[in-house]
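To start, the structure under review is shown below, and the notes come after it.
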There are 2 protein chains.
Amino acid sequence: MFELLFQYFEQKSGLTLSTTEKELIESTFKLKRLRKKQYFQQEGDICKHMCFIVRGAARMYSVDDKGHEHIIRFGMEGWWLGDYESYMLQTPTRFHVEMLENSDLLIVPKEHMERLIETVPAIAATIKVIDKQSAIATQQRIHAAISLSAEERYDSLVKTYPAFLQRFPQTMIASYLGITPETLSRLRNKKTPH
Amino acid sequence: MFELLFQYFEQKSGLTLSTTEKELIESTFKLKRLRKKQYFQQEGDICKHMCFIVRGAARMYSVDDKGHEHIIRFGMEGWWLGDYESYMLQTPTRFHVEMLENSDLLIVPKEHMERLIETVPAIAATIKVIDKQSAIATQQRIHAAISLSAEERYDSLVKTYPAFLQRFPQTMIASYLGITPETLSRLRNKKTPH
DNA sequence: CCACTTGCTTAACATTTATCAACGCTATTT
DNA sequence: AAATAGCGTTGATAAATGTTAAGCAAGTGG
């Protein structure tokens, strides 16, 4: 169950985990199973855990005044789940996080995570790396959002995250792109007539 | 000249800089003056320096196939300048960085910066904090971009960065919001008739 | 096995936003 | 002072995208 998490820390950090460190991690993270359609967090919650996806998938989304949903990001194996802002600042989140498949999660309370970061160098290094990577990835998404048309954003998604198309319904892909399902359906139709 | 930079490190990190550390910083950063309309970087460049703005302002933008410009972000006193992705990955940038006012910058080559990060705890802590803050800020902008209309994005900008409106022409505000200057002009007109 | 939900598509129509063109005002340059 | 460029505005029109409604196929849960 923990193998993916160990691999993840070692690969991101470029460091090796000792047996002791692995035992420490195993005793600190707790397994949590959530079934499809269950919620990991809801609007207004304060995100008190780091959460690593071992198996399964999820979406994080907001709901606006008109009742429309907007998917900020997806999660799947080897990704972290939950609102980073709420976790870091301990403020109520604006987002819901709903499982899209039956999932196995490894979760750890914030205080324990902070102790782990101090204790295990590979984890500290991993956090640094993912903060940087996330800053880069989000900048790219902003660039796409303000400078590309709906069609170009879709093309870019196909290239960047082809797995999304296999795994998530088109309605949700549309929401992730910031367009309606109807518009996405028409775009795709235009590309492959018939 | 260095006072703003020292304050910045101390405030972001919550730590204090010793006299030795300050001297080290002074001897590592170099002053660079750029006049309005000069470029700090151009598309295709690899960003080899960290750059702190002491005085002045700038914009980072891309140019698409149709020749339209899209402003990814602004910079002003107490902000860092340059494409973070290009700096971190040492890849050619897609963005131009142009000064919007005569500016005083403090720059330091990447390798020197990395040595500073290892040597000065307050700088290491600052980098951690700004990576986190930038991840949070960019997530908020993504949320705005995919879930808000042009008018709502403008309202949100007015609240979040009122200084932008004082300092940058409307054409650029529009580009930052991902809309045309004409659309922005009409939005504003609708709000304050006459 | 049936009722129900979910996902995707299509059509007609409405709204938002972009495009193109023109004008006036300021500031800057010559 | 004249010429120029930058900035904001406005109008007419076009393009992109959203809205509402309907239908069908496939999957799901009782």
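In what follows, every chain begins at residue 1, and chains take the letters A, B, ... in the order their sequences are listed.
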Measure the distance from [atom1] on [X] to [atom2] on [N] and round it to the nearest whole Å.
X         : N       : atom1 : atom2 : value
Ile179(A) : dA16(D) : CD1   : C1'   : 11 Å
Leu187(B) : dG8(D)  : CG    : C1'   : 14 Å
Glu151(A) : dA16(D) : CD    : P     : 9 Å
Lys190(B) : dT16(C) : NZ    : P     : 7 Å
Leu100(A) : dT28(D) : CG    : P     : 14 Å
Lys36(A)  : dG29(D) : NZ    : P     : 8 Å
Ile173(B) : dC7(D)  : CD1   : P     : 12 Å

Taking the side chain as every heavy atom from C-beta outward, state whether [X] and [Y] have any atom pair closer than 4.5 Å.
X        : Y         : result
Met1(A)  : Val54(A)  : yes
Leu31(B) : Ile107(B) : no
Met76(A) : Arg167(A) : yes
Phe40(B) : Cys51(B)  : yes

Between CG of Leu184(A) and CE of Met172(A), what distance do you get to the nearest 0.5 Å? 13.5 Å
Do any side-chain atoms of residues 15-24 of chain A form donor-acceptor pairs under 3.5 angstrom with protein atoms, and if so which ones, sequence neighbours left out?
| from | atom 1 | to | atom 2 | distance (Å) |
| --- | --- | --- | --- | --- |
| Ser18(A) | OG | Glu21(A) | N | 3.1 |
| Glu21(A) | OE1 | Ser18(A) | N | 2.9 |

In 5'-to-3' order, the base (B), backbone-only (S) or no-contact (-) status of each nucleotide in nucleotides 20-30 of chain C, using a 4.0 angstrom heavy-atom cut-off, is BB---------
Enumerate the protein-to-nucleotides 5-8 of chain C contacts in which both atoms are nitrogen or oxygen and the separation is below 3.5 Å.
| from | atom 1 | to | atom 2 | distance (Å) |
| --- | --- | --- | --- | --- |
| dC8(C) | OP1 | Gln170(A) | N | 3.2 |
| dC8(C) | OP2 | Gln170(A) | N | 2.5 |
| dC8(C) | OP2 | Thr171(A) | N | 3.1 |
| dC8(C) | OP2 | Thr171(A) | OG1 | 3.4 |

Would you call the rings of Tyr61(A) and Tyr39(A) parallel, tilted or perpendicular, taking 30° and 60° as the class edges? tilted
Geometric class of the Tyr176(A)/Tyr161(A) ring pair [parallel <30°, tilted 30-60°, perpendicular >60°]: perpendicular
Ion pair check, [X] and [Y], cut-off under 4.0 Å:
X         : Y         : answer
Lys48(A)  : Glu111(A) : no
Glu98(A)  : Arg59(A)  : yes
Glu114(B) : Lys110(B) : yes
Arg55(A)  : Glu101(A) : no

Note down the inter-axis angle between the two ends of the helix from dC1(C)-dG30(D) to dT30(C)-dA1(D), five pairs each, to the nearest 10°. 50°
Scan for ring-ring contact (aromatic ring centres under 6.0 Å, His included) pairs involving residues 107-157 of chain B, sequence neighbours excluded, and state none if there are none. Phe95(A)-His143(B)
Near DNA chain D, which residues from residues 64-76 of chain B have a heavy atom under 4.0 Å away? none
For Ala150(A) and for Thr183(B), find the nucleotide of DNA chain D with the closest heavy atom, then tell me which residue's nucleotide is more 5'. Thr183(B)
Step through it carefully: locate the ring centre of Phe164(B), locate the ring centre of Phe74(B), and say whether they are under 6.0 Å apart. yes
Between Thr180(B) and dT17(C), is there a contact of a side-chain N or O with OP1 or OP2 at under 4.0 Å? no
